[in-house]
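A quick note: this is a predicted structure, and the numbers were derived from the prediction, not measured. The chains referred to below are lettered A, B, ... by the order of the sequence lines, with proteins before strands, and numbering in each begins at 1.
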Amino acid sequence: MRNDSPWSMATESSAVAVAGDANSTEPWSARVRALTRLGRHRESLALLRHGDPSPPPHALALPASVISCAALSLPSSVAQIHALGAKRGLLPAADAYLLSALLTAYSRLGSLRLAHQLLDEMPLESTPHTTLRTAFNSVISGCALHALPVACFALFHRMRAAAVRFDAVTLLALVPAAPLSVVPQVHALAARVGFATETSVANCLISTYARGGAFGAALARRVFDEMPLASRDLVSWNAVLSAHAQNGLAVDALDLYRRMRSPEGGGVEPDAVTIVGVLSSAAHLGALGVGFDVEHYVRQRLPGFRTNVQLCNALINFHARCGSLPRAQQLFDEMPRKSIVSWTALLTGHGMHGNGDVAVSLFERMVSEGIRPDNVAMVGLLSACSHAGLYDEGRKYFSTMESVYKLRPTLEHYTCMVDLLGRAGRLEEARELISSMPMPADGAVWGALLGACKIHKNVEVGEEAFANVVELEPRNAGYYVLMSNIYTDTGQLDNVARVRAMMRERGLKKEPGCSYVEHKGRVHLFMADDHSHPQARRIYELVIRLELMVKEKSSGVRESEVAAAKGRMEKAAAQPLVGIHSEKLAVAFGLLNTEAGSEIVVIKNLRVCGDCHSFLKVVSATTNRAFLVRDASRFHRFDGGVCSCKDYW
DNA sequence: GTAGGGTTAG
């Protein structure tokens, strides 16, 4: 995307005027500079070489030419102009602009030794202070660009030792180069000289802090909150929004989006970067309404969006993760240029829907188009194989990671494989894979094995997995619940009590399950046994009626059970009932409030349990409705009495 | 007339 900030527009339009046509009356050197500024580097150099300058090559054109050489990666041309400048006595310090341009060019091209040499040749005493500052800034920026943080800080110390004052530009290079633990110190230094609230520096601090997880996001937020309102620009909002989006704080990201657009936030118009962050959070949460609104905005206001690869990728990811694969596919097909992210987003979406074969063929097509898969694409592919039970394919692709694609499997790939093997019932093979890992297994890997043991009711392997996972993630209640359920399923009730006691002693509570449905632009959220919804009475009556119907249908239920269920129904409005999971409530709400024929979409934070799963299958048949449920690991589409997961999840 | 800030997939 073009940079559309006001000042760049202004300089750009004047550059356009000057570059103008070849007959322009503007001085020749001004046209060279203008062409460089417009990024028309080849034309700029052609004018320098073949134009008819009178007087001959001019000090005023040389700095721009050097920048053009750097942009075109022509180090020998930089050296030629360098030599020319030296011959004319413009160096080492007579022409600050040429010096600065050379420093920038060498730094950008990675000729940092040459840049240092040039810097060392500058006479500290006789060179104007601003020239020195710019010179240091150029080389510090170059070291930052080439990921040489130690060199950045060494230069910074030299700069300070020489009593050269740093400015905002120095900080813009230094802050992102600093190790995360050092950023607060640089921040404090910036604050001491009053730069920390300057727009560019604050924006830079925000995006740098954003790399530091949820804690970093909190620091980023503080920088943003401390900025004077007048200093906040669109980039500030984008940076702080992304800081939250990237660190799993999706609710806060969407909240920031609402705030920036509200009058209180200044009614800031979002751009493509904002939208990318918002869509990522909306996809995460399953916030369908937000995603659709934002897409509408994109189609109305950003007509060129199809050529913005990141924006299209964000849209594809949103639709793929929120239940609309055809829309994701259409966006994918309409992109003139795709990246590996586009393929991965679509592939992962198919994997989540259980379309393992589609994911595999997308992967093959991607490879045949010359895109080399990366680790993320492989995670998507392996998890697609796992969800679809494609045991042989999964093993094959896992082994090609190193042999064909030179990718070293990470913990995430091992997690996928343990999941794949474990769910296919190959618990021993999964165990062997864990012991063959070149790095220690983490909680997710052991957790995948534990989950497989739940499916296959294997106490022995389950206990081993549990012992390991509890060591690694002692505060994750989900694993205790899994182990306790394995004991329940195998009738070991004393062990169930033991695991529950462990949870109590450690003060752990199971994460409450919640599901939501969006209807007419509003989110309707349900927790298990939650009566707070205005329609709670009707919803519970419907669930209980459906439960009864399911029971009658499945097993020819006994009289006593019918009576008990009727008793429950009578009490429904009066007092909370036990044991109605949130997805049943959400689906019942959908049935009561939507038209026949439309699909009911439910987003859930935990995985669907076996009971709810068979309930929803039967209800989809008897009500002749389709339910699309996104749970913590994948999609289930219930329609006509069957689920798209084929009961493999 | 030099130096420069924000974005995606699991």
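When rounded to the nearest whole Å, the span between CG of A:Asp167 and P of B:dT2 equals 14 Å. Spacing between atom CG of A:Leu346 and atom P of B:dT8 amounts to 20 Å, rounded to whole angstrom units. When rounded to the nearest whole Å, the span between CG of A:Leu172 and P of B:dG5 equals 6 Å. A straight line from CG of A:Leu362 to C1' of B:dA9 spans 14 Å, rounded to a whole angstrom. Rounded to an integer number of Å, the gap from NE2 of A:His413 to C1' of B:dA9 is 12 Å. Rounded to an integer number of Å, the gap from CD of A:Gln246 to P of B:dG10 is 13 Å. Here B:dA3 presents its C1' atom at 9 Å from CD1 of A:Ile67, a figure rounded to the nearest Å. When the P atom of B:dT2 is taken as reference, atom CG of A:Leu132 falls 18 Å away, rounded to whole Å.
Within 4.0 Å of A:Ser280, counting heavy atoms only, lie sugar-phosphate atoms of the nucleic acid but no base atom. A:Asn313 comes within 4.0 angstrom of a nucleotide base, judged by non-hydrogen atoms across all strands. When heavy atoms are screened at a 4.0 angstrom cut-off, A:Thr199 is found touching base atoms of the nucleic acid.
Few gaps surround NE2 on A:His413; more than 12 heavy atoms of other groups in view lie less than 6.0 Å from it.
Among B:dA9, B:dG5, B:dT2, the nucleotide with an atom closest to any side-chain atom of A:Asp374 is B:dA9. Considering only side-chain atoms of A:Val376, the nucleotide from B:dT8, B:dG10, B:dG6 that sits closest is B:dG10. In this structure, the nucleotide among B:dG10, B:dG1, B:dA9 sitting nearest to the side chain of A:Val341 is B:dA9. Side-chain atoms of A:Thr348 lie closest to B:dG10 of the nucleotides B:dG10, B:dG5, B:dT8. When distances are taken from the side chain of A:Tyr97 to each of B:dG10, B:dG6, B:dT2, the shortest belongs to B:dT2. Here the side chain of A:Ala239 is nearest to one of B:dG6, B:dG10, B:dA3, namely B:dG6. Taking only side-chain atoms of A:Gln310, from C-beta outward, the nucleotide of B:dA3, B:dT7, B:dG6 with the closest atom is B:dT7. With B:dG6, B:dT2, B:dA3 as the choices, the nucleotide that has an atom nearest any side-chain atom of A:Asn137 turns out to be B:dA3. Candidate nucleotides B:dT7, B:dG10, B:dG4 were compared by shortest atom distance to the side chain of A:Ser200, and B:dG4 ranks first. Side-chain proximity of A:Thr134 to B:dG10, B:dT2, B:dT7: nearest is B:dT2.
Within the 4.0 Å cut-off from OP1 or OP2 of B:dG10, at least one side-chain nitrogen or oxygen of A:Arg321 is found. Put simply, A:Arg232 has no side-chain N or O that comes within less than 4.0 Å of OP1 or OP2 on B:dG5. Considering only side-chain N and O atoms, A:Asn317 lies under 4.0 angstrom from the phosphate OP1 or OP2 of B:dG10.
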Taking distance alone, no hydrogens or angles, what donor-acceptor pairs closer than 3.5 Å link side-chain atoms of residues 340-349 of chain A to residues at least two apart or in another chain?
unit_1	atom_1	unit_2	atom_2	d
A:Ser342	OG	A:Asn313	OD1	2.7
A:Ser342	OG	A:Ser339	N	2.9
A:Ser342	OG	A:Ser339	O	3.1
A:Thr344	OG1	A:Ile340	O	2.7
A:Thr348	OG1	A:Thr344	O	2.7

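Under a 4.0 Å N-O distance rule, the pair A:Arg423/A:Asp419 qualifies as a salt bridge. Salt-bridge formation is detected for the pair A:Asp255/A:Arg258: a Lys NZ or Arg NE/NH1/NH2 atom is positioned less than 4.0 Å from an Asp or Glu carboxylate oxygen.
Looking at A:Asn317 and A:Leu279, their side chains never come closer than 4.5 Å, going by heavy atoms from C-beta outward.
Counting distance only, with no hydrogens placed and no angle test, the side-chain atoms of A:Asp233 and the base atoms of B:dG5 include a donor-acceptor pair under 3.5 Å. Taking 3.5 Å as the limit, the base of B:dG6 and the side chain of A:Asp271 contain a donor-acceptor pair of atoms between them.
Take A:Ala441 and apply the side chain to side chain contact (heavy atoms under 4.5 Å, CB included) test, not counting sequence neighbours, and it matches A:Ile434, A:Met437, A:Val445, A:Trp446.
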